[in-house]
Amino acid sequence: MDRRDELALNLAETRERITASCLEAGRNVDDVTLIVVTKTWPASDTEILFELGATDVGENRDQDARIKHDELGHLALTWHAIGQIQTNKAKSIAQWADVVHAVDRSELVVSLAKASASREFPLKALVQVNLDPSPSEGRGGCLPVDALRIAREIDQADGLEIAGVMGVAPLNGDAERAFSALQSISREVISQFPQASWISAGMSDDFHIALKFGATHLRIGSSILGHRSFKG
Ligand SMILES: *Cc1c(COP(=O)(O)O)cnc(C)c1O
């Protein structure tokens, strides 16, 4: 099977599974955005996915993303920076990303705001919350108690727009508990910032659970592109 056929099949299957999970969760599939996580795969895959109707792509390494965006930035795609961000990468990320998912500290808000000053449109930002019960084990993210404060800092920063919250379920942990906690935090954030309605949650293996807890943006890579040969 050539790559286009493979991606077409996987994308169609994933969409069917999303639709079925939405039905089961009593959610409207139109309220859910699929972000295809193209990290580690070549720009040619991103281009094929666009032709197959993908609207949103996720990348986690600044350097790779920048190269792909240089080549494909003219396509009508929304580019999501989904991974943890080193402060010194903010400037570069603000040049290719439309949305950053992993804003988890004040220092990063300041750097992203500075980097976004010259943008035509504000950079949408999500507060990443650490959902691991023992936070030192977590994959980035602020403590739940700090989420509202960081949301406020984003809201007050020029060049940034608070769009919602993001979380990753703990490895080998309880995804239901994690996504339920994220949904509660989202409600708090929305009560202060009604426009911040996005919940970025759910990956290939757990999106069906995230959908039960209000996920609006799913970040799905391996189900569509295949297993990455190295950790992205
Ligand atoms: C890689 C990655 C994903 C996609 O994971 P899959 O298991 O391949 O679907 C989602 N979110 C983040 C933050 C990632 O780094």
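Numbering of ligands and ligand atoms starts at 1, following listing order.
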Straight-line distance of T38 OG1 to E47 CD, nearest 0.5 Å:
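CD of E47 is found 12.5 Å from OG1 of T38.
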
Test of proximity, G221 against ligand 1: N or O pairs below 3.5 Å
yes

Do any nitrogen or oxygen atoms of S204 lie less than 3.5 angstrom from nitrogen or oxygen atoms of ligand 1?
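It does: an N or O of S204 is found under 3.5 Å from an N or O of ligand 1.
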
Is D205 near ligand 1, meaning one of its heavy atoms is under 4.0 Å from it?
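Checking ligand 1 against D205, which is what was asked, there is no heavy-atom contact under 4.0 Å.
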
Can you give me the closest heavy-atom contact between L211 and A25, atom names plus distance?
O-CB, 3.8 Å

For I220, the ligand 1 atoms whose distance to one of its heavy atoms is below 4.0 Å
9 (O)

Whether R3 and D45 form a salt bridge (side-chain N of Lys/Arg under 4.0 Å from carboxylate O of Asp/Glu) is what I want to check.
yes

If the condition is side chain to side chain contact (heavy atoms under 4.5 Å, CB included), which residues does N88 pass it with, not counting sequence neighbours?
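N88 satisfies side chain to side chain contact (heavy atoms under 4.5 Å, CB included) with Q86 once adjacent residues are dropped.
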
Are W96 and D70 close enough that a side-chain donor and a side-chain acceptor fall under 3.5 Å?
no

For atom 11 (N) of ligand 1, which of R219, K39, M166 has the closest heavy atom?
R219

